[in-house]
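First comes the structure, then the notes that go with it.
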Amino acid sequence: MRTHVCVTLFVFLLNEAATSPFTEDQMEEVRQRIKSMFYHAYNSYLDNAFPYDELRPLTCDGQDTWGSFSLTLIDALDTLLVLGNRTEFQRVASLLQDTVDFDIDVNASVFETNIRVVGGLLSAHLLAGRAGMELEPGWPCSGPLLRMAEDAARKLLPAFQTPTGMPYGTVNLLKGVSPTETPVTCTAGVGTFILEFATLSRLTGDKTFENAARQALRALWNTRSDIGLVGNHIDILSKKWVAQDAGIGAGVDSYFEYLVKGAVLLQDEELLEMFLEYDRAIQNYTRFDDWYLWVQMHKGTVSMPVFQSLEAFWPGLQSLLGNLDSAVRTFQNYYSVWRQFGGLPEFYSIPQGYTVDKREGYPLRPELIESAMYLFRATGDHTYLQLGLDALESIEKIAKTPCGYATVKDLRDHQLDNRMESFFLAETVKYLYLLFDPTHFLHGGGTEGDGSWEEGGDGGDCVLGAGGFIFNTEAHSLDPAALYCCSQHTKDRQELRDILISLSQPEGRSSSSQSKSTVKQTVGPSPGQSESIALKPGEKKTHPLLSCPVQPFSARLSILGQVFSDNT
């Protein structure tokens with residue numbers, strides 16, 4: 001009954017907010033408040049915690065948490081440029097090159113290092129041109145930040161050297177995987193690499209990273225239950241499910257996220273089909289009244305009737321695929337919880353309408369704000385701006401300290417904990433800012449000729465930054481055009497060169513027959529390869545499922561914030 005009342009209240013609040021659309025001046029005012037929030041936290045980290053990984057905002061000092069490589073600074077680097085601070089971006093990018101060393105005797109989370117460090121460095125590398133940094137010839141296919149990202153990712157590769165291809169959860173950056181390392185890891189820890197690793201492979205030309213991520217994805221895909229679900233934790237050596245709770249929250253969430261975003265970034269139908277099959281099972285077995293519960297992966301019976309704060313990414317993911325009605329209703333449920341507590345508790349009992357014991361905390365997670373950004377992009381409905389303003393004011397009220405912003409230990413009485421996770425600057429603040437800046441270049445804002453596009457590649461003949469950026473699960477942006485520029489564009493140019501040479505050779509010469517063979521091979525690409533530019537007479541070029549022929553790298557993400565995967 002309590003849940004029903006909260007949802008009703010939420011709908012009323014939405015209707016009230018809808019009568020007062022935000023003006024541009026009001027949105028600019030909110031953006032300035034968000035900037036102030038960022039710099040209060042960022043400067044507190046620099047003054048009190050650097051070079052440690054994280055700030056401890058109650059004691060104004062620092063601590064290492066995920067690996068001892070100034071994690072907050074790496075995670076916040078691209079946020080600096082999102083907020084328009086090119087000077088500090090340049091300074092920090094140079095500082096990291098001089099101070100960060102991944103050749104250290106530290107046990108690091110493979111998952112966290114990938115999404116925060118590799119993802120953060122890749123994003124910063126791809127944004128370096130906009131930041132006014134001096135670029136190497138051939139950028140974005142080379143550059144110091146790219147080499148740092150490759151170095152960090154290479155330290156993770158020993159974790160993937162298993163009989164199944166699924167990685168261990170922890171690796172020592174100097175020594176590799178410990179002989180005593182547990183083979184049990186969470187589902188997300190297996191399936192959350194394709195964005196960063198494929199980006200690395202396609203920028204550098206080294207297929208090792210993408211191949212490792214794909215092998216892990218396919219191995220995980222083959223372990224799903226007869227009803228199409230995956231559990232929470234798996235033994236990567238035996239392929240046995242250790243925790244058999246199936247849901248969309250903690251331990252699983254970013255696996256589904258990467259199937260969708262990987263499909264968009266790489267124009268990959270295999271990844272999309274994987275997600276769509278999972279989604280059918282998720283809708284059949286875990287969805288109840290627009291909430292998503294946890295069920296037993298083999299039987300589909302409810303095991304935990306709870307909502308977890310990490311699940312709040314789901315409405316945003318639904319909006320990418322055009323499922324707006326369902327996304328809006330689920331978002332309403334989740335926001336009703338926020339209104340109840342001023343934040344999202346880690347666990348929330350749906351039947352009881354209250355927090356779960358020992359899961360009452362709110363570490364300033366970004367997921368609900370992330371979904372608000374996507375839904376505002378998809379609908380243009382200013383009610384989502386009101387929700388963003390509510391979130392901003394709530395965080396300012398309950399989490400701000402003289403030295404940054406603190407994790408809320410208990411939302412019932414707003415007790416604080418002595419930790420500010422790096423994702424607060426990498427995700428929460430960034431998504432808030434992008435919510436209130438609909439014409440930002442990361443949304444594909446701007447028009448042709450206003451400097452919103454960039455040149456790149458060998459000879460400067462690639463178009464970069466034209467829209468359709470894909471965010472990894474740590475809100476680090478990746479440009480699909482850069483991947484094309486460094487991989488397929490070069491291949492297409494070589495194919496065109498071969499065709500022109502073949503046409504200029506006298507008929508019957510060996511070089512001609514070789515070129516004809518090349519043309520014949522490129523007409524019919526094998527599955528997973530990009531289609532050749534060479535076509536038979538009268539043949540029309542067909543486009544893959546996710547392509548947008550007019551603007552291939554907006555990937556339909558920049559059109560009302562959505563990607564349509566069908567014939568809509």
Side-chain angles (χ1 to χ4, degrees), residues 41-57 61-81 88-128 133 143-160 167-178 181 189 192-193 195-197 199-200 204 209 363 404 419-427 430 472-478:
Y42 178 76
N43 291 331
S44 294
Y45 168 78
L46 288 181
D47 294 341
N48 301 286
F50 177 78
Y52 291 102
D53 280 343
E54 291 180 0
L55 169 70
R56 298 204 303 172
D61 55 12
Q63 63 179 346
D64 282 334
T65 52
W66 294 112
S68 187
F69 25 61
S70 304
L71 181 61
T72 293
L73 205 56
I74 295 176
D75 232 359
L77 180 54
D78 58 3
T79 308
L80 286 166
L81 189 62
E88 182 66 1
F89 180 97
Q90 294 175 20
R91 186 189 75 83
V92 172
S94 298
L95 176 65
L96 291 173
Q97 294 171 46
D98 295 336
T99 60
V100 173
D101 181 14
F102 298 115
D103 196 24
I104 51 178
D105 187 6
V106 167
N107 294 323
S109 164
V110 179
F111 170 84
E112 298 290 354
T113 304
N114 176 58
I115 66 171
R116 304 193 196 207
V117 178
V118 178
L121 291 170
L122 284 173
S123 177
H125 164 71
L126 294 173
L127 296 175
M133 296 188 67
L145 294 174
L146 176 61
R147 287 189 289 275
M148 286 184 68
E150 183 180 4
D151 185 24
R154 206 166 291 282
K155 294 292 186 180
L156 305 181
L157 287 178
F160 291 80
Y168 284 97
T170 302
V171 66
N172 185 284
L173 299 182
L174 187 63
K175 302 174 183 178
V177 178
S178 169
E181 176 66 24
T192 308
F193 295 92
L195 292 185
E196 298 83 4
F197 276 29
T199 296
L200 260 180
T204 65
F209 303 102
R419 187 176 185 186
M420 187 182 80
E421 290 233 36
S422 68
F423 59 65
F424 177 67
L425 295 179
E427 298 185 78
K430 184 185 297 168
N472 85 337
T473 197
E474 191 76 4
H476 295 308
S477 56
L478 304 173

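Residues take their numbers from the sequence shown, with the count starting at 1.
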side-chain contact (heavy atoms from CB on, under 4.5 Å) assessment of L80 paired with Y42: CA-CA 10 Å; L80 286 166; Y42 178 76; 3.7 Å; yes

Side-chain ([X]) to main-chain ([Y]) donor-acceptor, under 3.5 angstrom:
X: N114; Y: V118; result: no
X: D64; Y: G67; result: no
X: T113; Y: S109; result: yes

Could you check if a side-chain atom of [X] sits within less than 4.5 angstrom of a side-chain atom of [Y], using non-hydrogen atoms only?
X: L122; Y: L146; answer: yes
X: L73; Y: L77; answer: no
X: D61; Y: N48; answer: no
X: R154; Y: L157; answer: yes
X: T72; Y: L55; answer: no
X: D53; Y: Q63; answer: no
X: L174; Y: V106; answer: no
X: W66; Y: D75; answer: no

Full working for side-chain contact (heavy atoms from CB on, under 4.5 Å) between E196 and I115: CA-CA 7 Å; E196 298 83 4; I115 66 171; 4.2 Å; yes

Non-neighbouring partners of R419 that pass salt bridge (charged side-chain N to carboxylate O under 4.0 Å, His left out), sequence neighbours left out: E54, E421

Pairing residues for D78 by the salt bridge (charged side-chain N to carboxylate O under 4.0 Å, His left out) criterion, not counting sequence neighbours: K430

Rounded to the nearest 0.5 Å, what's the gap from [atom1] on [X] to [atom2] on [Y]? Could you check?
X: R147; Y: T204; atom1: CZ; atom2: OG1; result: 12.0 Å
X: M420; Y: S44; atom1: CE; atom2: OG; result: 7.0 Å
X: K155; Y: I104; atom1: NZ; atom2: CD1; result: 9.0 Å
X: M133; Y: S94; atom1: CE; atom2: OG; result: 4.5 Å
X: F111; Y: T170; atom1: CZ; atom2: OG1; result: 12.5 Å
X: L145; Y: L96; atom1: CG; atom2: CG; result: 7.5 Å

Considering non-hydrogen atoms only, spot the tightest contact between [X] and [Y] and give its length.
X: G62; Y: A49; answer: CA-CB, 3.7 Å
X: V177; Y: P158; answer: CG2-O, 3.8 Å
X: S123; Y: H476; answer: CB-CB, 3.7 Å
X: P51; Y: S70; answer: O-OG, 3.0 Å

Among F193, Y168, F209, ring-ring contact (aromatic ring centres under 6.0 Å, His included) partner for F160: F193

Salt bridge present between R91 and E88 (N-O < 4.0 angstrom): yes

Residues L126, S477; criterion side-chain contact (heavy atoms from CB on, under 4.5 Å); working and verdict: CA-CA 8 Å; L126 294 173; S477 56; over 6 Å; no

With sequence neighbours excluded, residues passing ring-ring contact (aromatic ring centres under 6.0 Å, His included) with F102: F69

Derivation of the ring-ring contact (aromatic ring centres under 6.0 Å, His included) call for F424 and Y45: CA-CA 12 Å; F424 177 67; Y45 168 78; over 10 Å; no

